[in-house]
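Working notes, beginning with the structure itself.
In what follows, chains carry the letters A, B, and so on, assigned in the order in which the sequence lines appear, proteins first and then strands, with residues in each chain numbered from 1.
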2 protein chains.
Amino acid sequence: MQTVRKDIHNSQLPILCQSCEARHQGICGAMSAEQLLAISKHTRRVRREPGQEIMADAMPIAAYANVLKGVVKLTKVLEDGRQQVVGLQFAPDLLGRPFASESRVTAETASDVELCMIPKAPLEALMTAGGPVEHRIMMQALRELDEARDWMVTLGRKTAAEKVASFLYLLATHIDPTEEEALVTFDLPLSRADIADFLGLTIETVSRQLTKLKAEKVIEIANYRHVTIADLAQLRLRCG
Amino acid sequence: MQTVRKDIHNSQLPILCQSCEARHQGICGAMSAEQLLAISKHTRRVRREPGQEIMADAMPIAAYANVLKGVVKLTKVLEDGRQQVVGLQFAPDLLGRPFASESRVTAETASDVELCMIPKAPLEALMTAGGPVEHRIMMQALRELDEARDWMVTLGRKTAAEKVASFLYLLATHIDPTEEEALVTFDLPLSRADIADFLGLTIETVSRQLTKLKAEKVIEIANYRHVTIADLAQLRLRCG
DNA sequence: CGTGAGGTTGAAGTGGATCAACACCAGTGG
DNA sequence: CCACTGGTGTTGATCCACTTCAACCTCACG
């Protein structure tokens, strides 16, 4: 049902996970030169198209992955198929639940994504060694916890209009990791169905709220996916 | 508006935070004898009545606290007063956001609570020293993240009936930290208003769903607060 | 040019919110 | 002792925000 996987193999070459190291973000920034060199022997750079599964709920995890580019969505499903997106991962987040034998969520690429795959063993060795790597990973877990709790307020207490505004605001502030302030123009990395699953709404409601924001000149939309925030303050205001 | 605080000072005496250490749970279980002795000089055991604020959103944190008994609720509020309970902490959870200068949530006692207060500095020293203490705290953060994501599914995708059932099931499985399996009888640590804020519902809806569960012989309720799960399997089923 | 996936729009239905009345109980004070 | 009060919880009637159902649009692709 989804497009075919294409592992692009321009990936195997960089001895160091360059873009990861270059930015000095994510966990690589916490490693010493020797650690970096050691782990880089195991890492592998891969590219994924939208809609590819990276880790499955309740399946053993073979490897961690550093998000270098793009957006990965974390989802959970109920037995009857109802789905909830429980998190979005942007660069330079680390993907994979540390110290758990199996994942508790499904991770799937939402947009075109670049990953730096790191096998389980070497990274966990670095972690249990303690020091800056474990610390960095803990800081990410704590940040994700904060974000999850923020989102719980959105899910539990906001109206549909506020939810959609909050989602757009979240993207504006998170989609470009190099940018400090909110971006005013970007492509939606999620389909209407994914947005609905993130917000606890239906696709119809999401669509209606988006057209309402467009009609009221808060945003502009081109080609369904390309969004321009015309009035960021107004958007902020509508987040509730 | 709330009953007056009573810091019961049978607290100052125990040189070691006994019940904490005795159980070998929580962070104390990860400390060496020397560490335990060192930190116990700073800890203070306190008791709180329901409805007491322990940490306020956006306020500097002076101390961490280990929950020894009872339930603490973590809440967030929107500007206009809408409130969401974003987490419940049971024994032996550690309260307080590590490495943040200020809290991102409000922590309030839900039931009668016993805490082991630990000042910021000595605990953070133990953490940055690395090793088992930091690891233990990271494991708790990861567990809380898992729980937060589970709850996002409940908030985003479940019906009112399923939400209330899920809440009761959560209590049954978490309220007694010494018990392995689900408890069939317990006191609700939260008022109807708090339950509503936890589930993203109104108190009326919570009340109606509880009476419905009672009418259908899934649970029994005495004195508004005391719940007996008459049919745990049925309750489980109704969690969606 | 047909086919199908993704998105929009409209009309009708409904689950939960809102509004309102009342029950229950612990204080409190005459 | 009873009347009064306020906090908490229940129950009923009504309302509306969001869902559901259904038609249609758009566009990429074989």
Interatomic distance, [X] [atom1] vs [N] [atom2] [rounded to whole Å]:
X: Asp197(A); N: dG6(C); atom1: CG; atom2: C1'; value: 14 Å
X: Ile221(B); N: dC24(C); atom1: CD1; atom2: P; value: 16 Å
X: Leu210(B); N: dT11(D); atom1: CG; atom2: P; value: 10 Å
X: Glu162(B); N: dG15(C); atom1: CD; atom2: P; value: 12 Å
X: Lys163(B); N: dG15(C); atom1: NZ; atom2: C1'; value: 11 Å
X: Lys214(A); N: dG7(C); atom1: NZ; atom2: C1'; value: 11 Å
X: Arg225(B); N: dG7(D); atom1: CZ; atom2: C1'; value: 12 Å
X: Ile203(B); N: dA17(C); atom1: CD1; atom2: C1'; value: 12 Å

Atom of [X], atom of [Y] and distance for their closest heavy-atom approach:
X: Ala58(A); Y: Glu102(A); result: O-OE1, 3.4 Å
X: Lys158(B); Y: Ser166(B); result: NZ-OG, 3.1 Å
X: Glu53(B); Y: Arg48(B); result: O-NH1, 4.5 Å

Review point. With the sugar-phosphate defined as primed atoms, P, OP1 and OP2, and the base as all remaining atoms, what B/S/- string results for nucleotides 18-30 of chain D, 5' to 3', for protein heavy atoms under 4.0 Å?
Key: SBBBB---S----

Practice item. Check each residue of residues 72-87 of chain B for a non-hydrogen atom within less than 4.0 Å of any atom in DNA chain C, then write out the ones that pass by number, or none. Key: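 None, since no heavy atom is under 4.0 Å.
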
Exercise for review: Considering only NZ, NE, NH1 and NH2 on the basic side and carboxylate oxygens on the acidic side, decide whether Asp57(A) and Lys76(A) come within less than 4.0 Å.
Suggested key: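 Salt bridge between Asp57(A) and Lys76(A), a charged N being under 4.0 Å from a carboxylate O: no.
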
**Study point:** Pairing of Asp112(A) and Lys69(A) as salt bridge, 4.0 angstrom limit
**Key:**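 Salt bridge absent between Asp112(A) and Lys69(A).
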
Review point. For Ala62(B), what residues pass the side-chain contact (heavy atoms from CB on, under 4.5 Å) criterion, not counting sequence neighbours?
Key: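 For Ala62(B), no residue satisfies side-chain contact (heavy atoms from CB on, under 4.5 Å) once neighbours in sequence are set aside.
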
Practice item. State which residues pass side-chain contact (heavy atoms from CB on, under 4.5 Å) with Asn223(B); sequence neighbours excluded, sorted by chain then number. Key: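 For Asn223(B), no residue satisfies side-chain contact (heavy atoms from CB on, under 4.5 Å) once neighbours in sequence are set aside.
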
Please table the atom pairs, donor to acceptor, closer than 3.5 Å between any side-chain atom in residues 198-210 of chain B and protein atoms at least two apart or in another chain.
residue	atom	partner	partner atom	Å
Thr202(B)	OG1	Thr205(B)	N	3.4
Thr202(B)	OG1	Thr205(B)	OG1	3.0

Ignoring hydrogens and angles, write down the donor-acceptor pairs under 3.5 Å from the side chains of residues 87-94 of chain A, residues two or more places apart or on other chains.
residue	atom	partner	partner atom	Å
Gln89(A)	NE2	Asp93(A)	OD2	3.3
Asp93(A)	OD1	Arg143(A)	NH2	3.0
Asp93(A)	OD2	Phe90(A)	N	3.1

